[in-house]
Amino acid sequence: MDIILKNALVAHEDQPVRAADIAIEGERIAAVEPGITAEAGETIDCGGRLVSGPLIDPHVHLDAVLTANLEPNVSGTLHEGIANWAKQKKIRDLESVKARARQAIDWEIAQGAGFIRTHADTSDEGQLSMRALLEVKDEVSDRVDLQIVAFPQDGIHSHPGGPELFVRALDMGPDVIGGIPHNEATREAGVASLKLIFDEAEKRGLLIDAHCDEVDDPNSRFTEVMAHETYYRGMQGRVTASHCAAMHSYANAYAFRLFGWLERGGLNVIANPFDNLILLAREDTYPKRRAMTRVKELWQAGITVGIGHDSIMDPWYPLGRGDMVQAASLTLHVCQMSGMAEIDACFDMVTWKNAEILALEDYGVAPGCRADLAVFDAASKADVLRINPACTHVFKRGKLVAATTPASRTVMGQSVDLTLGN
Ligand code: FE2
């Protein structure tokens with residue numbers, strides 16, 4: 001064996017967390033069982049820490065990260081963010097976009113991420129976002145796997161030449177096709193954009209992940225179009241609707257009818273709590289909507305739900321540090337998922353549920369899985385959410401790529417441990 005992780009608490013999918021050692025050979029997990037005695041090149045004592053597949057950020061805009069201070073968003077609104085982004089796109093250059101993306105990627109890895117799906121804005125003729133992120137994808141492939149979504153921020157069918165511009169971006173080789181139907185000029189243009197996206201995905205064999213109904217308007221109903229197209233074309237599991245914030249404001253009768261089509265279509269949903277909570281429902285006084293999709297009810301209905309970070313210090317959201325546990329914790333609170341099984345479900349959403357959305361194979365902590373692992377300084381999924389602990393080790397394909405020393409706390413000179421000592 002190359003590496004043996006001793007005294008781990010293993011979290012694999014929905015199986016109960018159990019004590020075991022983990023043996024790694026090459027890029028794969030060879031064994032997960034108690035008391036492994038085989039010789040190993042390196043042995044690491046996990047000391048009863050939780051070991052799971054790495055965190056996954058399935059929705060972030062790496063072409064815009066770390067730009068919040070370049071043109072501060074004074075009002076904090078979506079509209080000012082869009083205006084600032086348009087200004088930045090005129091003056092940015094390839095190397096600075098790449099440098100900021102790499103920095104944010106390293107922040108995410110240091111906190112336990114092993115896979116990232118990023119959107120790349122395809123709305124400019126020069127395709128600077130696509131070029132930058134395709135290069136970054138190769139440059140960081142030793143430490144993280146990136147999926148690139150071709151994302152038409154300004155819409156596809158609302159501008160002359162828009163479809164042709166978007167198809168040219170698809171020819172550059174993204175992994176996933178994006179969209180933004182609610183941002184098209186009319187309902188008809190939004191539906192037409194989705195038809196094009198599905199046609200191209202079928203033709204090219206690509207996954208789909210569209211921003212969908214990221215508004216407070218209960219009349220924004222493109223998620224139903226995505227669910228039906230997914231069902232009708234037999235693309236179950238390969239299509240994701242991101243945000244779906246309007247679902248918060250749908251009448252219950254419509255929302256639960258929609259759930260049936262989401263289930264039938266096998267359409268995945270990604271919630272993005274940081275941006276949605278900050279940017280949406282701004283016109284509300286009180287009561288003020290939470291502007292989040294119905295994570296708990298979708299999860300209860302058996303629909304695959306994931307959680308994304310979306311923004312890290314960009315024109316829309318000035319905060320954030322690339323911490324997917326924080327994103328899960330925020331979802332837990334906003335969606336009132338405080339039952340014990342619900343807390344575990346929030347951890348699952350940023351690990352193996354996000355892996356399902358990214359269509360990853362061999363993800364997890366079982367023999368034969370790829371040795372992509374994260375070791376958390378906590379003893380349970382719930383404690384990861386409660387403490388937001390250091391991620392002490394992150395492995396990518398059997399290699400240690402990130403390490404963090406847990407904080408040392410004392411009161412009156414005595415050590416204080418935030419766990420209950422289990
Ligand atoms: Fe987004």
Side-chain angles (χ1 to χ4, degrees), residues 56-67 85-86 88-105 108 115-181 183-184 189 192-212 226 235 238-242 270 308 310-311 314 357-360:
I56 298 172
D57 185 354
H59 187 122
V60 65
H61 295 258
L62 288 174
D63 52 356
V65 291
L66 314 190
T67 59
W85 177 234
Q88 280 182 28
K89 279 206 289 186
K90 291 192 182 117
I91 54 172
R92 63 190 182 150
D93 63 72
L94 188 82
E95 287 309 319
S96 61
V97 172
K98 285 176 59 180
R100 288 191 289 261
R102 282 194 300 263
Q103 186 171 359
I105 287 167
E108 291 220 23
F115 299 87
I116 297 173
R117 174 182 281 182
T118 177
H119 293 259
D121 187 345
T122 61
S123 298
D124 61 306
E125 283 288 344
Q127 297 300 340
L128 191 135
S129 292
M130 285 286 289
R131 288 192 285 128
L133 295 181
L134 284 165
E135 286 182 25
V136 168
K137 176 182 173 177
D138 284 342
E139 290 166 10
V140 300
S141 62
D142 56 348
R143 67 196 85 157
V144 70
D145 291 292
L146 276 193
Q147 287 185 356
I148 309 232
V149 188
F151 170 52
Q153 170 84 62
D154 298 340
I156 298 172
H157 278 77
S158 300
H159 311 284
E164 293 77 14
L165 176 66
F166 187 56
V167 169
R168 282 201 296 281
L170 297 183
D171 290 340
M172 295 175 73
D175 305 283
V176 185
I177 303 185
I180 189 161
N183 205 33
E184 303 282 356
S193 77
L194 287 174
K195 296 268 187 210
L196 181 144
I197 289 161
F198 275 84
D199 287 347
E200 291 292 331
E202 274 192 315
K203 193 165 82 187
R204 298 168 190 261
L206 297 179
L207 302 170
I208 293 173
D209 187 340
H211 287 60
C212 196
M226 291 191 70
M235 294 177 70
R238 299 181 55 75
V239 181
T240 300
S242 278
I270 294 175
D310 204 1
S311 290
D314 70 11
I357 289 171
L358 267 61
L360 301 180

If you compare all heavy atoms of [X] against all heavy atoms of [Y], which two are closest, and at what distance to 0.1 Å?
{"X": "F166", "Y": "P152", "value": "CE1-CD, 3.6 Å"}
{"X": "I197", "Y": "G179", "value": "CD1-CA, 3.6 Å"}
{"X": "M235", "Y": "L206", "value": "CE-O, 4.4 Å"}
{"X": "A104", "Y": "L62", "value": "CB-CD2, 4.1 Å"}

(Q) Just to verify, what does R143 make a side-chain contact (heavy atoms from CB on, under 4.5 Å) with, not counting sequence neighbours? (A) D106, I109, V140, V401

(Q) The criterion is side-chain contact (heavy atoms from CB on, under 4.5 Å); which residues satisfy it with D171, sequence neighbours excluded? (A) V167, R204

Q.
What's the separation between atom CD in Q153 and atom CG in N183, rounded to the nearest 0.5 Å?
A. 7.0 Å

Q | Separation between CG of L360 and CZ of F115, rounded to the nearest 0.5 Å | A | 5.0 Å

[X]: partners by salt bridge (Lys or Arg N to Asp or Glu O under 4.0 Å), with sequence neighbours left out:
{"X": "R100", "result": "none"}
{"X": "D145", "result": "R370, K396, R397"}
{"X": "D209", "result": "R117"}

[X]: which residues meet the side-chain hydrogen bond (donor to acceptor under 3.5 Å, both in side chains) condition with it, sequence neighbours left out?
{"X": "D138", "value": "none"}
{"X": "S96", "value": "D93"}
{"X": "K203", "value": "E200"}
{"X": "T240", "value": "N268"}

Considering only distance and modelled atom types, tabulate donor-acceptor pairs under 3.5 Å from the side chains of residues 155-165, sequence neighbours left out.
from: S158; atom 1: OG; to: E184; atom 2: OE1; distance (Å): 2.7
from: S158; atom 1: OG; to: A185; atom 2: N; distance (Å): 2.7
from: H159; atom 1: NE2; to: D154; atom 2: O; distance (Å): 2.6

Q) Stepwise, does the side-chain contact (heavy atoms from CB on, under 4.5 Å) test hold for I56 with I357? A) CA-CA 10 Å; I56 298 172; I357 289 171; over 6 Å; no

Under a 3.5 Å distance rule, please check whether [X] uses its side chain to pair with a backbone N or O of [Y] as donor and acceptor.
{"X": "T122", "Y": "A150", "answer": "no"}
{"X": "R238", "Y": "G205", "answer": "yes"}
{"X": "T118", "Y": "V60", "answer": "yes"}

Side-chain heavy-atom pair [X], [Y] within 4.5 angstrom cut-off:
{"X": "V65", "Y": "D314", "answer": "no"}
{"X": "K137", "Y": "D175", "answer": "yes"}
{"X": "I148", "Y": "M172", "answer": "no"}

Q: Check ring pair (Phe, Tyr, Trp, His ring centres under 6.0 Å) between F151 and all other residues, then give those that pass, not counting sequence neighbours.
A: H61, H119, H211

Show the atom names and distances, to 0.1 Å, of all donor-acceptor pairs under 3.5 Å that link a side chain in residues 128-135 to residues at least two apart or in another chain.
from: S129; atom 1: OG; to: D63; atom 2: OD2; distance (Å): 2.8
from: S129; atom 1: OG; to: R92; atom 2: NH1; distance (Å): 3.0
from: S129; atom 1: OG; to: R92; atom 2: NH2; distance (Å): 3.1
from: R131; atom 1: NE; to: G126; atom 2: O; distance (Å): 3.1
from: E135; atom 1: OE1; to: K98; atom 2: NZ; distance (Å): 2.7

